[in-house]
Novice: 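Below is a structure I'd like to ask you about.
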Amino acid sequence: MTGLAGPGAPRISLLGSTAMLLEAPGPLDLDQQRRIWALASQTQTWAQVQEAVPGMNNLLLVFNSPPDDLAPMEKALRQAWNDTGALPHQHLGGRTIELPVVYGGEAGPHFGDVMAHTGLSADDIVRIHTEPLYVVYALGSHPGYCYLGGMDPRIATPRRKVPVVNLPGGSVSIGGIQTGVSASDGPSGWSTIGRTDMCFFDPQRDHPALLSPGDNVRFTVERIDR
């Protein structure tokens with residue numbers, strides 16, 4: 001399977017024998033991601049598909065069992081992509097979750113690095129970071145973690161050359177042109193600017209992950225430690 005079907009076509013490849021990955025052509029943006037969501041909703045109903053998992057500019061299909069012939073599945077997936085338009089955001093029933101954040105100080109050990117890279121003051125960085133209504137593009141990396149779209153490029157900061165081995169859950173960080181919140185303790189190569197006490201994943205809840213694709217996140221200022 002080459003996954004190639006001309007310029008502007010999605011790339012389709014196998015992941016082992018029980019999964020297929022569609023990588024959308026073109027840059028990552030909200031309209032493209034809405035198209036991914038729509039395709040996920042459609043393919044989730046296919047008999048051979050156990051789970052359709054939207055990612056950042058891609059869609060993973062997990063099969064119930066390895067297909068005997070992959071060609072029909074690839075053809076159907078490619079045709080579905082061609083026929084699918086962007087899913088209107090409101091059709092997802094997305095919620096808006098406010099996340100109070102303590103910026104800087106012990107909660108944001110790399111805040112100074114972001115200031116040095118951007119040339120902005122602490123107040124400016126916090127203001128710019130809290131202005132957008134971020135959209136949850138996808139879940140991944142670790143349980144409950146959400147990939148957010150909509151960060152202002154003025155505070156974009158390169159990923160760290162040396163990752164942090166154990167970043168606390170709730171850490172609010174910037175990596176490149178994205179921002180996100182660690183759902184649990186673990187390693188990270190992003191620059192941490194603050195922390196929230198929100199719980200993003202609880203296996204005891206009916207829906208363990210707090211956020212879903214299509215939800216909105218708004219960061220608010222609990223305080224700024226200098």
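FYI, side chains are in, hydrogens and waters are out, and symmetry mates aren't considered; it's all heavy atoms of this structure. Numbering starts at 1 and runs along the sequence shown.
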Novice: Should the ring pair Tyr145 and Tyr147 be called parallel, tilted or perpendicular, given that the plane angle runs from 0 to 90° and is split at 30 and 60?
Specialist: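 Because their plane-to-plane angle is over 60°, the rings of Tyr145 and Tyr147 count as perpendicular.
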
Novice: With side chain to side chain contact (heavy atoms under 4.5 Å, CB included) as the criterion, how do Met20 and Ile12 come out once you've worked through the C-alpha distance, each side chain's angles and the decisive distance to 0.1 Å?
Specialist: CA-CA 7 Å; Met20 182 177 286; Ile12 299 176; 3.5 Å; yes

Novice: So do the side chains of Asp83 and Gln42 get within less than 4.5 Å of each other, counting heavy atoms only?
Specialist: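 In short, these two side chains do not touch, never coming nearer than 4.5 Å.
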
Novice: Tell me, with the steps shown, if Leu70 and Phe63 meet side chain to side chain contact (heavy atoms under 4.5 Å, CB included).
Specialist: CA-CA 11 Å; Leu70 289 166; Phe63 306 134; 4.3 Å; yes

Novice: Is it true that Val49 and Leu139 fall in one hydrophobic cluster, defined by side-chain heavy atoms closer than 4.5 Å?
Specialist: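 Different hydrophobic clusters.
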
Novice: Please report the closest heavy-atom contact between Ala138 and Met56, naming both atoms and the distance.
Specialist: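 The pair with the smallest heavy-atom distance is CB-N, 4.1 Å.
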
Novice: Within the structure provided, determine whether Phe111 and Ile125 are in side-chain contact (heavy-atom separation under 4.5 Å).
Specialist: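 Heavy-atom side-chain distance check passes, below 4.5 Å.
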
Novice: Can Leu14 be reached from Leu21 by stepping across I, L, V, M, F, W or Y side chains whose heavy atoms are under 4.5 Å apart?
Specialist: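 As far as the 4.5 Å side-chain criterion goes, Leu14 and Leu21 are not connected within one cluster.
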
Novice: In Å and rounded to the nearest 0.5 Å, what is the CZ to CG distance from Phe201 to Leu210?
Specialist: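 Those atoms lie 11.5 Å apart.
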
Novice: For Thr84 versus Ala38, what's the shortest heavy-atom pair and its separation?
Specialist: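 Closest heavy-atom pair between Thr84 and Ala38: CG2-CB, 3.5 Å.
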
Novice: Would you say the side-chain atoms of Asp215 pair up with the backbone N or O of Arg95, donor to acceptor, closer than 3.5 Å?
Specialist: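 Such a contact is found between Asp215 side chain and Arg95 backbone.
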
Novice: Are any side-chain N or O atoms of His110 and backbone N or O atoms of Thr192, one a donor and one an acceptor, separated by less than 3.5 Å?
Specialist: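 Answer holds: yes.
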
Novice: Give a yes or no on whether Trp190 and Val114 share a hydrophobic cluster (residues Ile, Leu, Val, Met, Phe, Trp, Tyr; joining criterion: side-chain heavy atoms under 4.5 Å apart).
Specialist: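 Not linked; separate clusters.
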
Novice: What residue pairs, at least two apart or across chains, pass salt bridge (charged side-chain N to carboxylate O under 4.0 Å, His left out) with a residue in residues 134-153?
Specialist: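 Salt bridge (charged side-chain N to carboxylate O under 4.0 Å, His left out) check on residues 134-153 returns Asp152-Arg154.
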
Novice: Rounded to the nearest 0.5 Å, what separation is found between the CG atom of Asn166 and the OG atom of Ser171?
Specialist: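 Nearest 0.5 Å value for the CG-OG distance: 9.5 Å.
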
Novice: Taking the side chain as everything from C-beta on, heavy atoms only, tell me whether Gln33 gets closer than 4.5 Å to Asp29.
Specialist: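 No - every pair of side-chain heavy atoms lies 4.5 Å or more apart.
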
Novice: Quick one: pull up NZ in Lys75 and CG in Asp69 and give me the separation to the nearest 0.5 Å.
Specialist: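 One finds 11.5 Å between NZ of Lys75 and CG of Asp69.
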
Novice: Can you tell me how far apart CD1 (Ile97) and CE (Met198) are? Round to the nearest 0.5 Å.
Specialist: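 One finds 6.5 Å between CD1 of Ile97 and CE of Met198.
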
Novice: So, the side chain of Gln44 versus the backbone of Val53: is there a donor-acceptor pair under 3.5 Å, distance only?
Specialist: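 No: the side chain of Gln44 does not pair with the backbone of Val53.
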
Novice: May I ask whether Met73 and Leu39 are part of the same hydrophobic cluster, defined by side-chain heavy atoms of I, L, V, M, F, W, Y residues being less than 4.5 angstrom apart, directly or through others?
Specialist: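 They do share one cluster, since a chain of ILVMFWY contacts under 4.5 Å joins Met73 to Leu39.
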
Novice: Report yes if some heavy atom in the side chain of Leu148 is under 4.5 Å from a heavy atom in the side chain of Val135; otherwise report no.
Specialist: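 They are not in contact (no side-chain heavy atoms under 4.5 Å apart), so the answer is no.
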
Novice: When rounded to the nearest 0.5 angstrom, what is the spacing between CD in Glu131 and CD1 in Ile155?
Specialist: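 Separation between the atoms: 9.0 Å.
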
Novice: Apply the test side chain to side chain contact (heavy atoms under 4.5 Å, CB included) to residues Ser173 and Leu167: give CA-CA distance (whole Å), side-chain angles for both, the deciding distance (0.1 Å), then the verdict.
Specialist: CA-CA 10 Å; Ser173 305; Leu167 192 69; 3.9 Å; yes

Novice: Evaluate side chain to side chain contact (heavy atoms under 4.5 Å, CB included) for Tyr103 paired with Glu222, printing each intermediate quantity in order.
Specialist: CA-CA 8 Å; Tyr103 286 94; Glu222 183 173 332; over 6 Å; no

Novice: I want to check something: taking the side chain as every heavy atom from C-beta on, are Thr179 and His129 in contact at a cut-off of under 4.5 Å?
Specialist: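 Yes - at least one pair of side-chain heavy atoms lies under 4.5 Å apart.
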
Novice: Closer than 3.5 angstrom, by distance alone: can the side chain of Thr118 be matched with the main-chain N or O of Leu120 as a donor-acceptor pair?
Specialist: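 Yes; at least one donor-acceptor contact below 3.5 Å.
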
Novice: Closest heavy-atom contact between Leu61 and Trp46?
Specialist: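 That closest heavy-atom pairing would be CD1-CZ3, 4.4 Å.
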
Novice: Please, which pairs that meet salt bridge (charged side-chain N to carboxylate O under 4.0 Å, His left out) have at least one residue in residues 101-125, sequence neighbours excluded?
Specialist: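 Listed once each, the pairs are Asp113-Arg160, Asp123-Arg226, Asp124-Arg127.
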
Novice: Would you say Tyr137's side chain and Leu30's backbone share a donor-acceptor pair under 3.5 angstrom?
Specialist: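 Indeed, once roles are kept as given, a pair shorter than 3.5 Å links the two residues.
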
Novice: Checking the side chain of Asp202 only, and the main-chain atoms of His207 only, is there a donor and an acceptor separated by less than 3.5 Å?
Specialist: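 Not at all, since once roles are kept as given, no pair shorter than 3.5 Å links the two residues.
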
Novice: Between Ile174 and Ile193, which heavy-atom pair has the shortest distance, and what is it?
Specialist: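 For Ile174 and Ile193, the tightest heavy-atom pair comes out as CD1-CD1, 3.9 Å.
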
Novice: Can you hop from Ile128 to Val102 via hydrophobic side chains spaced under 4.5 Å?
Specialist: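 Ile128 does not cluster with Val102.
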
Novice: Compare all side-chain heavy atoms of Leu77 with those of Glu74 and state whether any distance is below 4.5 angstrom.
Specialist: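 No. Closest side-chain heavy atoms not under 4.5 Å.
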
Novice: So which heavy atom on Ala19 is nearest to which on Leu60, and how close?
Specialist: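 Distance-wise, the nearest heavy atoms are CB-CD1, 3.8 Å.
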
Novice: Are any side-chain N or O atoms of Ser182 and backbone N or O atoms of Ser184, one a donor and one an acceptor, separated by less than 3.5 Å?
Specialist: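 No: the side chain of Ser182 does not pair with the backbone of Ser184.
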
Novice: Using modelled atom types only, decide if a donor and an acceptor are shared between the side chain of Gln32 and the backbone of Pro25 within a distance under 3.5 Å.
Specialist: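 Checked: pair present.
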
Novice: Would you please test Phe219 and Tyr134 for ring pair (Phe, Tyr, Trp, His ring centres under 6.0 Å) and show each step?
Specialist: CA-CA 9 Å; Phe219 295 106; Tyr134 296 91; 5.3 Å; yes

Novice: Just wondering, do Pro100 and Thr196 contact through their side chains at under 4.5 Å, heavy atoms?
Specialist: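 Touching, per the 4.5 Å side-chain cut-off.
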
Novice: Search all heavy atoms of Ala40 against all heavy atoms of Pro54 and return the closest pair with its distance.
Specialist: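 Closest approach of Ala40 to Pro54, heavy atoms only: CB-CD, 4.2 Å.
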
Novice: Answer whether the closest heavy-atom distance between the side chains of Leu22 and Trp81 falls below 4.5 Å.
Specialist: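 Yes, their side chains come closer than 4.5 Å.
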
Novice: Hey, could you give me the CG/CD1 distance between Leu28 and Ile177, rounded to the nearest 0.5 Å?
Specialist: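 Spacing of CG (Leu28) from CD1 (Ile177) equals 7.0 Å.
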
Novice: Would the distance check show the side chain of Arg78 and the main-chain N or O of Pro10 forming a donor-acceptor pair, the cut-off being under 3.5 Å?
Specialist: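 Judged by distance alone, yes, a pair lies under 3.5 Å.
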
